[in-house]
Structures are given as C-alpha cells and as structure tokens.
There are 2 protein chains.
Amino acid sequence: MAVTIYDVAREANVSMATVSRVVNDNQNVKPSTRKKVLECIERLGYRPNAVARGLASKKTTTIGVIVPDISNSFYAELSRGIADVATMYEYNIILSNSDKRADREVELLVDHFGKQVDGLIFMSDSISEEARKEMSIASVPVVLAGTLDQQSQFATVNIDYEEAAYEAVKLLASNGHKRIIFVTGTLTKDINRECKKVGYERALKDAGIELDDELVFEIDNTYDSAYESWKQIRTFSDRPTAIFAGNDDIAVGLLNGIRDDGLLVPDDFEIICFEHSNITRIVRPQLTTVAVPLYDLGAVAMRLLTKLMSDEEVEEHKVILPFRFEKRDSVK
Amino acid sequence: MAVTIYDVAREANVSMATVSRVVNDNQNVKPSTRKKVLECIERLGYRPNAVARGLASKKTTTIGVIVPDISNSFYAELSRGIADVATMYEYNIILSNSDKRADREVELLVDHFGKQVDGLIFMSDSISEEARKEMSIASVPVVLAGTLDQQSQFATVNIDYEEAAYEAVKLLASNGHKRIIFVTGTLTKDINRECKKVGYERALKDAGIELDDELVFEIDNTYDSAYESWKQIRTFSDRPTAIFAGNDDIAVGLLNGIRDDGLLVPDDFEIICFEHSNITRIVRPQLTTVAVPLYDLGAVAMRLLTKLMSDEEVEEHKVILPFRFEKRDSVK
DNA sequence: GTGAAAGCGCTAACAA
DNA sequence: TTGTTAGCGCTTTCAC
C-alpha cells in the first residue's frame, strides 16, 4: 500500500489537516511544524494522490483536448501550443483523436467530462448538433481552436481565413491571371466552405473575373490525392495558369505533379497556399504562402481557457489572430 | 450539483450498489430492475464520475505518455499508434512533452504517477538515472517505445537500428563508395551512438574501409541544421560521394544543400537515410530509406502495456519489430 | 496555528 | 438478486 497523508500525519505527530496545509503551501502553518512535516514526507516518500485530491476538491488540474488526428502536423503543432501553456499553468492534458467522426467526438466529450476535466479544447471540421449539445451542458468551459462556431456559442481562437484567402487570390489576380484554380480539402469543413472558398470568390469578383465552378477542385486533404488531381487538371483545354491551394500538402502534391510533367513553377503555374508546416520551405521552388500561426492558435486557446476556468474577465470570446504573408518563389 | 449514483438509486427505489452494477454491466441484476435503473439514469442524465470511481476502484483507465515533442512528426506518428490501441482497450491518455530534459522527465513521471495512471509509455533520447529510479519504484507497468534501455530493466519496443544502419551503409559501400559520410543528430541519443553509428562503423569495416572521424557529422536534428552542415561538407578536398543520414529531415536538408549548389543526387552523391515521414517521397529525387514503422512501434508498445496492466503472460519484454528497405532514387 | 470530522461519488466485500 | 456498509485519500469547514 502506498504512503498516505495519514501515515505522514502520524509520523509527524500532527493531524492530516496540517499535512494537507503543508502540501498545499497554505501559510497558516508554523515554520517549525512545516519543517517537521516536510521531513516526514521526504522520509516516507509520500506522494499525494491526485485522484483523491480531485474528488475532494472537485478540481483535477487536467484539461481535455479533442483533436481530429495528432499525427497530422497541423494539429500536432497546435497541440504543442496548447501543451506549453497548459504546463505553464500546471494542467495536464488528456488528448484524444476523433478522426473527425461526429459520433466519436460525442463519445469523447462524454468521456472527458466524465473524467472531470476542468476545461476542454475542441477541434473539428464542423460542429455537429450532438457535439454542440454535449458541450453546452458541460459544467466546465470549452474553447474551440482552429475551429469555427457558426452559432457564436463558444469561445474560439482563429485567424481570418476568408481575408487571408482573399488576399492570396487577389495577389494571383493582380499578376494577370484569369483562370485561377482553387484546390481544397472537403467543403464539409466549415473553414473551407465558409471562409477560404468565400474569400476566393470575393477576390475573383473584385478582380472582375467570372466564377467558374469547374475551377474548384474538392479533394482529399492529402499529398497523394493532390498529386492525382493534377492529372485531371492538366486535361483542361483552356489551361489555368494559377493555383490557390487550401493548404501546403495539397500545394506540394500539385507542385510535384506539375514538375514531374515537365512544366515549371512559377513560369507555367503560379501557386499560393496556406502554410501549416515547413514543407513549403523545403520544396523547390519554395512556396509563397499565408503563414498560419498554429502554435499561437493553440497557446492562445489554452490561455483563454485558463481565464475561463478561473472565472476571470475575458474581453473577447472570439479571438482572431493575425496571419503573415510569406513571399517566396512560387509566385512571380 | 451534478446527478450522483445516489440520486439515481433513490429515483429507482434501489440501492446504490444496484445502480453501480447496472452501470458496470454486472450480470447479477434482474432484467426488469436493470431496465428501471437505465430509465432513471436516462431521465436524470446521470453521468458516472470517473474520479470517484478511480478512487474507489484504484483504476483510472488512464495511461501516461511522456514524449520529447509531440510536434515532431516522429513522435506524433508513434503517439497515434499508442492512442489507437489505447482507445481499443478503453484507456485515455495523459500526454506530456519533456523536450528531452531529464529534470522535466522526472517531474512528469512524478506527476503522472501522482495522477494514478494505470501504466505509462516513456520515450526519450536516453534514460537518466533519476528517471530510471522514478520508473523503477512505480507501482504500475512502464513500457519504452522507440527508446533504448541499456540496463534491460523495462519492457521496450524498437527495431534493430544497428542492423538497419549496417545494411544501409553496406548498400552504399557495395556501390563502390569509399568515403561515406555519416550525418547524425546528437550522439547523446542512445540510438544514434550505440546503434546507428555502430552499424555504420561495422559496415565500413566489413567493406574494408578505414574509419575516418572527420566523416562523422554530429548536428542538430533539424532540416535547417543539415542544410547548413552541407556548407561544411562541401569544403572537403577529397570529396565524399555518399551520405548516410540519421533521419529524413537531415537527409532532405543535405539534399537541398547539394542541389542548390548545382550538384546532383545520385550522380554526385548517393544518399540513404532512416525514414520517419512521407517527406522522403515528396522530395526529388525520392530518397532511398530504411522505413521505420513508427505507428506500429506505438501500437505494439500500447498493446504490450495492456498485457502488463492486466498481469497477462508476456513472452518477451524486449520487442524488436521488422523494418523495410525502400529503394528509391537517391541511390543508383 | 492546529485538529476533528464530515464529506467528495463511487466500488466492493459481505449479508441477506 | 439486492442492500448495507466500509472505505478509497484527500480537502475543507468549523472549533478551539
């Protein structure tokens, strides 16, 4: 059996309450007794049981993080931002992958709340009604990171994806391109459908370019899928000359397709995309991108959650972080 | 206040014990009472409190995972393997980043064990004495994933890195190369020092090539650092003609350095490396590699941990998974 | 500054 | 098949 607070109390000839005070840095303990207790703790090798503490105090110093897929560098980077701030505030993280399945998300929410997390950070393509309900009835705060809330019900941390998309496509249009392809991951993802696509269309409209649904390619959000999609794109008789890619994996798949075909970037095609990892600097030519501050998105989401958990005043529940443009070599 | 098991018991006119039995799928409950209890649970919206359950049962159905850095694709992939098997056995994961700092690792171990995890998976470059001690006195099983244990004290899951390195370098030697560079991350990492370097040296020796310390480059384990190191490598008067890189990030940094300098792979240099991500297929030429089954490493480690946690017989505590060779275009 | 005692919400004997 | 009753190890009033 492990050493308990009671064993320490007996050994030090004090009550459990006093040991508890020492362990929790309560000031109402005489220095000499504190010292005595500390010695006994050391001698017996006492380690507080966080589960018992959680039951008694109703605080677990643990937060839940539900992420589509931690092996996706987008979420891995975001999670690292969450984790670092969590560490700073002495929270542990229960991390679960949902694979974006709505049923799984709900299961995980129930599961995490059942474990009495003190707060939760949720990431998803789109919030299902069931997930929304589960988060609504939760007795602890919830923050969405890199995830839209179309009902403005929860605290969120994002960048202005639409504006970013707008500026990216505007750059392409200002370079004289008339036929600009938009290659995106699934449009069931709110950010793709409501922001990136909308920004793309607005930029075209502002540039006096007519929309053409044939130029929008909805594909799997992977390098391989993008590489394959090139084979379809190349068949256009009136070939497009510029590409706006929803992210860097897609852009690189396209880039390789183009180059393996003997065409040149940026001469035959100009490319711009959202940047989620350093792959954009590794490929040649290096890609011009909208740099998304993933780490910061996570860090700020966690910081916001700490405020919510301690009932601090929060000026704004809907945080928009700035993005950067990285001018490199895939655009002239 | 949340609904407790007691509220359900009262509502259903049964004892807490019966409700507990229903919740835990204990068969000793009459179908009719089970139904009645289930209805009350539904009606009241009862959700079991896992913390209370953990305190009473001494099982938290949570395991700890300590990883150097989740934003590193190597560990992200490994963690995904762990997570999927954990889900299968209904365990949650507390995930923490150590940044390979020994002091932090110890803190985290104490912290995780304090949270009463039912088991723990540990990953690190090298096990410090303090970390070893902490894991030794733990009352729950520990498994090391992708991490060496030079004292064979813990259960581990790895591949045979030395043999993999040996074969990689042997391939280079058999292609006629005499001056083969080894570019590795820090040699304070056990796997680099005790396996990859040893395999490299053994292959050279077997090929009758004399060792030359000047051909071993110990650098930071990053793309940028490798890119920089090329500037040093190019200054050799008697230029090497082949490179064995410790991992794909290093290999790609080197590759880009070489190509940006106008040299060709594999004509001027042949390259082979350990593969941890799909970057090796994305670059041109595609890299010939030793493919490390990261996901499986994690999955098998977790499976092993479940056996240890339920006191099942375990045939072998030191698991060695097979690796594959991926012949691609960076080697002739 | 310290102690006594009542829980926190559940599981798990043991009885019935 | 069901209920009674101790805890699990800690925090937190409330007294003194």
Side-chain angles (χ1 to χ4, degrees), chain A residues 1-38 40-41 44-62 90 110-111 113-118 139-140, chain B residues 1-38 40-41 44-62 90 110-111 113-118 139-140:
Chain A
M1 209 56 249
V3 179
T4 72
I5 199 171
Y6 188 73
D7 299 321
V8 177
R10 186 156 24 83
E11 182 81 5
N13 279 311
V14 297
S15 69
M16 306 165 51
T18 298
V19 179
S20 176
R21 289 190 187 98
V22 170
V23 170
N24 293 295
D25 271 331
N26 184 312
Q27 287 314 300
N28 290 23
V29 181
K30 194 161 57 174
S32 65
T33 50
R34 171 183 306 278
K35 181 154 173 291
K36 183 173 60 178
V37 170
L38 250 15
C40 292
I41 286 178
L44 300 185
Y46 168 67
R47 305 285 179 87
N49 179 323
V51 173
R53 183 182 281 188
L55 184 58
S57 70
K58 300 186 165 301
K59 297 224 161 305
T60 55
T61 62
T62 300
E90 304 195 281
V110 172
D111 188 14
F113 292 135
K115 292 244 163 150
Q116 313 304 118
V117 294
D118 294 337
S139 57
V140 295
Chain B
M1 211 54 249
V3 180
T4 71
I5 199 171
Y6 188 73
D7 299 321
V8 177
R10 186 154 26 81
E11 182 81 6
N13 280 311
V14 297
S15 69
M16 303 166 52
T18 299
V19 178
S20 177
R21 289 191 187 97
V22 170
V23 170
N24 293 295
D25 271 330
N26 184 313
Q27 288 313 300
N28 291 23
V29 182
K30 194 163 55 174
S32 65
T33 47
R34 171 183 305 278
K35 183 155 171 290
K36 182 173 62 177
V37 170
L38 250 14
C40 293
I41 286 178
L44 300 183
Y46 168 67
R47 305 285 179 85
N49 179 322
V51 173
R53 183 182 281 185
L55 184 58
S57 69
K58 300 184 166 302
K59 296 225 161 306
T60 55
T61 61
T62 299
E90 304 195 279
V110 171
D111 189 14
F113 291 135
K115 292 241 163 153
Q116 313 303 120
V117 293
D118 294 337
S139 56
V140 295

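As the structure is a computational prediction, the values presented were derived from the model and not from experiment. A note on names: the letters A, B, ... follow the listed sequences, proteins ahead of strands, and every chain is numbered from 1.
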Whole-Å distance separating the [atom1] atom of [X] from the [atom2] atom of [N]:
X	N	atom1	atom2	result
Asn28(A)	dC14(D)	CG	P	16 Å
Ile5(A)	dA4(C)	CD1	P	14 Å
Lys59(A)	dG9(C)	NZ	P	13 Å
Asn26(B)	dC10(C)	CG	C1'	15 Å
Leu55(A)	dC10(C)	CG	P	9 Å
Lys115(B)	dG9(D)	NZ	C1'	16 Å
Asn24(A)	dT13(D)	CG	P	13 Å
Met16(B)	dA13(C)	CE	P	15 Å

Proximity to the side chain of [X] - top-ranked nucleotide from [options]:
X	options	result
Lys30(A)	dG1(C), dG9(D), dG9(C)	dG1(C)
Thr18(A)	dC10(C), dG3(C), dT4(D)	dG3(C)
Ala17(A)	dG3(C), dT11(C), dT2(D)	dG3(C)
Thr33(A)	dT2(C), dG9(D), dT11(C)	dT2(C)

It should be established whether [X] places a side-chain nitrogen or oxygen under 4.0 Å from OP1 or OP2 of nucleotide [N].
X	N	answer
Ser20(A)	dC10(D)	no
Tyr6(A)	dG3(C)	no
Arg53(B)	dT11(C)	yes
Lys58(B)	dG9(D)	yes
Ser15(B)	dT2(D)	no

Would you indicate what Val51(A) reaches in the nucleic acid, counting non-hydrogen atoms under 4.0 angstrom: base, sugar-phosphate, or nothing?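 Counting heavy atoms under 4.0 Å across all strands, no contact is made by Val51(A).
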
Would you find a donor on one side and an acceptor on the other, under 3.5 Å apart, between the side chain of Asn24(B) and the backbone of Asn26(B)?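 Such a contact is absent between Asn24(B) side chain and Asn26(B) backbone.
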
Is Ser57(A) reaching over with its side chain to a backbone N or O of Arg53(A), donor-acceptor style, under 3.5 angstrom?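 Yes, because the side chain of Ser57(A) sits within donor-acceptor range (under 3.5 Å) of the backbone of Arg53(A).
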
Ignoring hydrogens and angles, are the base of dG3(C) and the side chain of Arg21(A) linked by a donor-acceptor pair under 3.5 Å?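 Present.
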
Looking at every non-hydrogen atom in both residues, tell me the closest pair between Thr18(B) and Val37(B) and how far apart they are.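 In this case the closest contact between Thr18(B) and Val37(B) is CG2-CG2, 4.4 Å.
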
Derivation and outcome, side chain to side chain contact (heavy atoms under 4.5 Å, CB included), residues Lys115(A) and Thr62(A): CA-CA 9 Å; Lys115(A) 292 244 163 150; Thr62(A) 300; over 6 Å; no

Test item: Asp25(A) and Arg34(A) side chains (from C-beta on) under 4.5 Å apart, heavy atoms: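 When only atoms from C-beta onward are counted, Arg34(A) and Asp25(A) do touch, with a gap below 4.5 Å.
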
